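Structure, as structure tokens:
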Amino acid sequence: MERNLMKGNEALAEAAIRAGCKCFFGYPITPQTELAAYMAKRMHKAGGVFLQAESEIAAINMVLGAASTGVRAMTSSSSPGISLKSEGVSYIAGSDLPAVIINVERGGPGLGGIQPSQADYWQATKALGHGDFQLLVYAPASVQEMVDYVVKAFDRADKYRMPAMILADGLLGQMMEPVTFPEINPNAYDKSGWAANGHKMQREHHIINSLYLKPDELENSILDRYKRYEIIKETETEAELYLTEDCDILVCAFGATARVAKSAVNDARAQGIKAGLFRPKTLWPFPVKEINEAAKNAKKLLSVEMSMGQMIEDIKLAINCSKPVEFYGRTGGVIPTPAEVLGEIKRMGGAL
Amino acid sequence: MERNLMKGNEALAEAAIRAGCKCFFGYPITPQTELAAYMAKRMHKAGGVFLQAESEIAAINMVLGAASTGVRAMTSSSSPGISLKSEGVSYIAGSDLPAVIINVERGGPGLGGIQPSQADYWQATKALGHGDFQLLVYAPASVQEMVDYVVKAFDRADKYRMPAMILADGLLGQMMEPVTFPEINPNAYDKSGWAANGHKMQREHHIINSLYLKPDELENSILDRYKRYEIIKETETEAELYLTEDCDILVCAFGATARVAKSAVNDARAQGIKAGLFRPKTLWPFPVKEINEAAKNAKKLLSVEMSMGQMIEDIKLAINCSKPVEFYGRTGGVIPTPAEVLGEIKRMGGAL
Amino acid sequence: MEKMTVITERCKGCGLCTAACPKKIVVLQKEKRNKKGYFYAECTDQSACISCAMCATMCPDCAIVIQK
Amino acid sequence: MEKMTVITERCKGCGLCTAACPKKIVVLQKEKRNKKGYFYAECTDQSACISCAMCATMCPDCAIVIQK
Amino acid sequence: MAVVFERPKSLIDVPTHYCPGCTHGIVHRILCEVIDEMGIEGDTIGVCPVGCSVMAYDYFNCDMIEAAHGRAPAVATGVKRTNPDKFVFTYQGDGDLAAIGTAETVHVATRGENIVVIFINNTIYGMTGGQMAPTTLPGQVTQTTPFGRSPELAGYPVKVCEMLSTLTGTAYAERVAVDSVPHIKAAKKAIRKAFENQKAGKGFSIVEVLSTCPTNWGLAPLDAIKRLQDEMIPYYPLGVYKDVEEGVFPKTEGGNE
Amino acid sequence: MAVVFERPKSLIDVPTHYCPGCTHGIVHRILCEVIDEMGIEGDTIGVCPVGCSVMAYDYFNCDMIEAAHGRAPAVATGVKRTNPDKFVFTYQGDGDLAAIGTAETVHVATRGENIVVIFINNTIYGMTGGQMAPTTLPGQVTQTTPFGRSPELAGYPVKVCEMLSTLTGTAYAERVAVDSVPHIKAAKKAIRKAFENQKAGKGFSIVEVLSTCPTNWGLAPLDAIKRLQDEMIPYYPLGVYKDVEEGVFPKTEGGNE
Amino acid sequence: MATTEILLAGFGGQGILFAGKILAYCGLMDNKELSWLPSYGPEMRGGTCNCSVTISDDPIGSPLVVTPHLLIAMNQPSFDKFVSCVRPGGKVFFDSTMIEPATDRTDIELYGIPSQQMADDNNLKGGSNIILLGKLLKETNICSLETMQKAIEKVVPPKKAALIPNNFKAIELGMNA
Amino acid sequence: MATTEILLAGFGGQGILFAGKILAYCGLMDNKELSWLPSYGPEMRGGTCNCSVTISDDPIGSPLVVTPHLLIAMNQPSFDKFVSCVRPGGKVFFDSTMIEPATDRTDIELYGIPSQQMADDNNLKGGSNIILLGKLLKETNICSLETMQKAIEKVVPPKKAALIPNNFKAIELGMNA
Ligand SMILES: Cc1ncc(C[n+]2csc(CCOP(=O)(O)OP(=O)(O)O)c2C)c(N)n1
Ligand SMILES: Cc1ncc(C[n+]2csc(CCOP(=O)(O)OP(=O)(O)O)c2C)c(N)n1
Ligand code: SF4
Ligand code: SF4
Ligand code: SF4
Ligand code: SF4
């Protein structure tokens, strides 16, 4: 397979097109602009729709409209723009629609900055909008994984009729790496049972809706959804375990930060410190089994994040607070260095 | 003091005016419409500004504008409308501005329903927008507390220069109870050091801003904010402990649900079961010391929520997963009954 | 068969039909309520009805059927 | 003192001033760069300058001061 | 005897939740009459707003999508772009279309999106209990303008047809009313024309329907009709505001590949 | 010798981050000249957009607030309503004002909010690297219209002055350009008038300034000026679109208590 | 009486909430603890609507009345839905013009009066709710007539003060029915 | 060579990212692991801009180059900021037209060439970056000239293919400087 040198943002776009995405609605924002630019060039040729919406809100609701008709639809943005989409994402979840949403995170809060960040972890995993719901959240750590997880996100979104998010960051979006595109034969899911694409006088009319005025009906619709969530928690978690078998200190990190952490783990091993890496690839569902496996021999855990510490809570909950979990983070667009992480590992190792 | 019979929504409005709120910007949504209606009637007479904005987004940004000039400002909405405000709330936090935001929650996700819910707990406490930040979150459980916590929210927002939220629900907003208005002398905080209200050629110009293009500057601004958050965690937690001293089963609930839980605790005691109630009044910061005090003799905890279970994570983290925490919830607008909660208590008690 | 039929359970007693009728033969009677509690509309003189469907055109609830 | 002064460190070498000058005496020279690396503008003939401030009015960077 | 007037087929035979005398029902019916007459029920996808007509999905027998408040035009855009051969319409109130949804409305028009918007102007927020709408008349009392809408405090109404007519993508904008049989017939004609426009690919069409909200106006249904006639029509003149016969996309224009 | 032209006092003496030849700088200067001439620096509060002028707070010496993308009119409303004696202006690009901020723009106008909006129309998104703006001309190549803006695919431009002039709350709308010395002088006069309107409480004033973005147009600064003259002015005719001498709130109207 | 839980139910527009409010004010007048909680559907008119009122000597837990001591039912669906929830020994007041009181419960007392008809007959437009309240007043010891009259004076908005006598009359009609 | 980390820095508009891209493609051509990461300020023109390139035989961890083996500096602030980060034994290539190379480091090698001047003199508008690349090619074993030429052919967009010879010439100038 050919190795292409591509920016993460472009790889996301190309992968989406190959995964059968038929429409992209977006609004420009740094650091994900290349994604839309790529779509603008390629989507029409691929027989799909590219439309620059008047806002992030319009874009997510265009996605809702297209997805309602059974078409694979995607939007992308970065942190402030994702906040604006939150109502729409909640509607998509509440309407049981599949859709893919990309967040190429930047530093916040507010306008913040345009450098990489992971401070939207909680937003993505707990509360991208009001009400009880979840999205599938994938955290790629390389340009190649950007490709792989976009393909998976479209598949799983269709499979479970729910929104799926790629939670990337400016570093992954902006960096170029070699990438190959595997042969993709998108699974076809039968949507004829619910899609609102014109009944041709041949079936009952379909209604796409998130309104249930009777509380018990609304509750039941949520309970149904949470049953699916339980299946997903059982079957869809993914994680990388690196040198965890014998590790004393388990470094936990996702996305771009995991690359930094891996360098640090290697450096630590080179210095004789038994460090290992746990890298969740799905953030929701959080890989509970996997982290327990990875941590089984560890004495301490260290969560490294480009934020003030958000995943750390999921780690503690996943291991039932059974071991100390420490935190090292940089935020606001500062990227931690392997040396800093190594310093933390050593500090913790010294205290063992 | 005179006992007035008032809806929770109206009490919120009256209390805000008495607390020196000088402007209210909102957009209609059930179940909080009475709040704006009350403001429309009274605010101009009180020398303040009432303006129905064109949307929730406009409203929160009007709040940002007014707050920037040093004026006490407020907005209110319900779940879908709060999602729309999330970008603006993140800007307010990132600009270190005080403001009060009311969420009279209803069932979600999506359009959901118009009955009471607590499913925006995570949104309020973890991620009301992108980036690293927090808001103060108060959870009143009676119309009287609606009054008391609005007053406090304005005070603490000014004190810490951050947004504060009243997280209520449709039940509290719609119900009438007797309420008294204590003499309120709003603290005056000196805002002349930062407010952008015209420099009269007598000082440097002030800039209200959340943009820091240099990552280390953005990081520093966040670290500064988190130092304040640490002080707040130390000093601002509040909770009610009811019959906890000797309790075997500690029921944890906030807001309207806590009233139901309290009835159930009383019923349980009447049946000889040692149940107690822990009611956080601040959701962020979560009352960690207080719950540990309340749980010290408990064998099991039960989180009762009008959601699929969100506070339960904070409970587990607060007690360091040291005791089993179970969950009973109704969602989508269904209000749990004391009998249901009692049933859970008994089930758990039987297993003791 | 009658020219103007009110589907009484659909009628909400709004009276828009009464004003639309050029013959002034549609009224809201004040005796009988339907299950929802509304006094429903009635044609007082079927023979005078010219089947113009003005009342039905005004009716927001499709509560009137006209035949000719 | 000169009638037209370019604050060279402020000049970004855009050349808008050169087109605005009615006397055609403002040019972007091609020898000297400022610290930012721009070839800055220059008045080639101060005596011909009529202090009309046309160049300064066009300058987006307030890089020109005019005296009379 | 033959039936000369009955419920259109595409209007599902159930009681509506609308208040007595609310003209939403009239607009529903004439819209469905047009769908029936054009024979397009099976090829039509409707988008409901958030407002009193939120549950229109239970009444229209074509496929239906419930949009977030104000976002129906965006939802409709997503539908139409991916299903260009389908008929797509939105049905929206004035709060939905002209307040929270202003951006979506302006942009669906300026894009010349080939859809139909049915816009119910009843000068108030019905569903939430009678707050000021962007279309509320100066002086009108509502829950949030308890002393009458003061333009100084609460601004002036937005005249939607007038505003959208300035946009090149708008092919057709007409304001109608449903206060009388002749007006209802004209309204139906306008809706028909809007759908025919969509069939012909002419661009964006909007039909603004002056309607009543007896409940929140605090008027009996017939008095509400009278208010529509006496106060609304003078402020919001009926008529065609724009009608681009040849459509908004002349074959020669544009930089398409 | 006496200085006859120099930087206005209210324009802080620092280099800007704007590209060479970008006309944002010209508009900044004439705006500050007006502030200086009216002597209102100490009583003015400015609101910056998100766009290339996001950091205008570092340039204007009056108090400044940085708004979220598109929300400057709402922020300004919050400021003006609580500080009616202050001069309040926003400075916004076309993406900010006419795309994401459309609702805020239309409503600040229809409310007759007594503020000044300076609207920079450069037919492109500058800061994010040259995507299509709502004002991008048909056929114009941008990052997101790589084959030229096709109205069929990407819609038609929004003509802001034309659209806002249909709203009763708009007291004054003028389109100017900064491509030449006479036009710059006219632009300054328009800005002055807008601020004088605010002083007199006349209602909403907007000055649309046709500007260049040499960088994202891919043109040398002087070529960019030429494009403004040759392509933009014909599409966006200069002139006064609305000017309500007596202000939008005649003493007799309104239902104020 | 420690605690009385009352449920009022009917169509929107029948004055369910208004009647509940009067009861709530009765509690306020008598210096008791009380709560009032409305619940309604999406329809502005004609939808279902109900209202929970609790009056008590002690602080009130859940304001939602699930098992009422007293029920006022103003339409058939409300009667059918809620009659089974009434506590044993409880009382049900209903409009017999509108409601067919089919129930096999024997542990509760049913008081049906043709309140709608009575309102129509006495030219008390929309007074059916208050007539039922009068009946409730008579058959329970919720409060004194005087308290209820004071409550009515509080609840009727000043602009409509002219309607107070009508309400008094409706109470009277109900008490005598 | 296991891993080479390269940092390129200067003003926006000087072609920093473009030069970095050529280096990245060199890695691709030679079938190595590689990463390219840009970083820039808010200005479209004239702001600071830098670019991290890592070429390696092994999978690459952090793509952010903090302690480069090789530094290309195209303006004074970049030189001043980054010269201290270069690894001992590392090499710094800079435009001596623009930069005063003030540093007290003795453990690195400095290669200053007047690349801007050379570009101006040779009518290679904007070729200063490529000239420096030529110098880097000469002084390191990052790749062969052939690889770099192939990389250039890849990176120059098809529409501007006419500029390829100019780039080759710039490389040559740099190698001979
Ligand atoms: C984001 C959001 N904001 C507000 C609401 C509450 N809401 C529901 S309907 C409505 C307004 C309805 O008025 P209009 O659009 O005029 O339609 P009508 O009910 O008069 O037909 C509002 C504000 C909501 N559901 N979602
Ligand atoms: C919510 C949100 N969406 C998008 C962006 C990204 N963004 C920054 S500036 C800009 C557009 C700027 O264009 P314009 O308003 O025309 O101003 P110019 O830069 O051309 O002066 C965009 C889309 C953002 N910061 N926030
Ligand atoms: S218009 Fe229809 S609903 Fe109204 S009274 Fe007449 S028949 Fe009944
Ligand atoms: S207009 Fe100003 S910045 Fe541009 S070249 Fe002339 S002096 Fe320099
Ligand atoms: S509230 Fe008004 S708009 Fe809504 S259904 Fe009733 S009358 Fe119609
Ligand atoms: S990108 Fe365009 S608008 Fe922005 S500063 Fe540069 S030239 Fe000006």
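Owing to the predicted nature of the structure, the values given are computational and were not obtained by experimental measurement.
Most heavy-atom pairs under 4.5 Å with chain B: of the set A/Gly94, A/Ser83, A/Ala127, this distinction falls to A/Ser83. In terms of heavy-atom pairs under 4.5 Å with chain B, the best-connected choice from A/Leu223, A/Leu211, A/Asp216, A/Asp120 is A/Leu211. Ranking B/Asn209, B/Asn103, B/Val334 against chain A, the residue ahead of the rest is B/Val334, based on heavy-atom pairs under 4.5 Å. In terms of non-hydrogen atom pairs under 4.5 Å with chain A, the most contact-rich of B/Gly113, B/Gly107, B/Ser95, B/Gly112 is B/Gly112. Among A/Tyr121, A/Tyr212, A/Tyr226, the residue with the largest count of heavy-atom pairs under 4.5 Å with chain B is A/Tyr226. No other option in B/Gly110, B/Gly309, B/Gly332, B/Pro116 has as many heavy-atom pairs under 4.5 Å with chain A as B/Gly110.
Side-chain contact between B/Pro109 and A/Ile222 is present, with at least one heavy-atom pair separated by less than 4.5 Å. For the pair B/His130 and A/Ile82, the minimum side-chain heavy-atom distance is 4.5 Å or more. In this structure the side chain of B/Glu313 reaches within 4.5 angstrom of the side chain of A/Lys126, judged on heavy atoms. Side chains of B/Leu218 and A/Gln115 form no contact here, defined as non-hydrogen atoms less than 4.5 Å apart. Counting only heavy atoms from C-beta outward, the side chains of A/Asp132 and B/Gln310 approach each other to under 4.5 Å.
Neither the backbone nor the side chain of B/Ser117 has a heavy atom closer than 4.5 Å to any heavy atom of chain A. When heavy atoms are compared at a cutoff of 4.5 Å, B/Arg330 approaches chain A by way of both its backbone and its side chain. With a 4.5 Å cut-off on non-hydrogen atoms, B/Glu217 does not touch chain A at all. Heavy atoms of B/Ser79 lying under 4.5 Å from chain A belong to its backbone as well as its side chain. At a 4.5 Å heavy-atom cutoff, B/Glu305 makes no contact with chain A through either its backbone or its side chain. With a 4.5 Å cut-off on non-hydrogen atoms, B/Leu128 does not touch chain A at all.
Under the rule for a side chain to side chain donor-acceptor pair (under 3.5 Å), the partners of B/Tyr27 that lie at least two apart in sequence or sit in another chain are E/His69, E/Tyr125. Taking the side chain to side chain donor-acceptor pair (under 3.5 Å) definition, one finds that A/Lys323 meets it with nothing, sequence neighbours left out.
Atom CE of B/Met308 is separated from atom OH of A/Tyr229 by 9.5 Å, given to the nearest 0.5 angstrom. The CG atom of B/Leu317 sits 4.0 Å away from atom CG of A/Leu317, with the distance rounded to the nearest 0.5 Å. Between atom CG of residue B/Leu111 and atom OG of residue A/Ser210 there is a gap of 5.0 Å, rounded to the nearest 0.5 Å.
Applying the salt bridge (charged side-chain N to carboxylate O under 4.0 Å, His left out) definition to pairs two or more places apart or across chains, none involves residues 160-170 of chain A.
Proximity of a side-chain donor or acceptor of A/Glu219 to a complementary backbone N or O of B/Thr331 within less than 3.5 Å is detected.
Heavy-atom proximity under 4.5 angstrom to chain B picks out A/Leu84, A/Ser86, A/Glu87, A/Ser90, A/Tyr91 from residues 84-93 of chain A.
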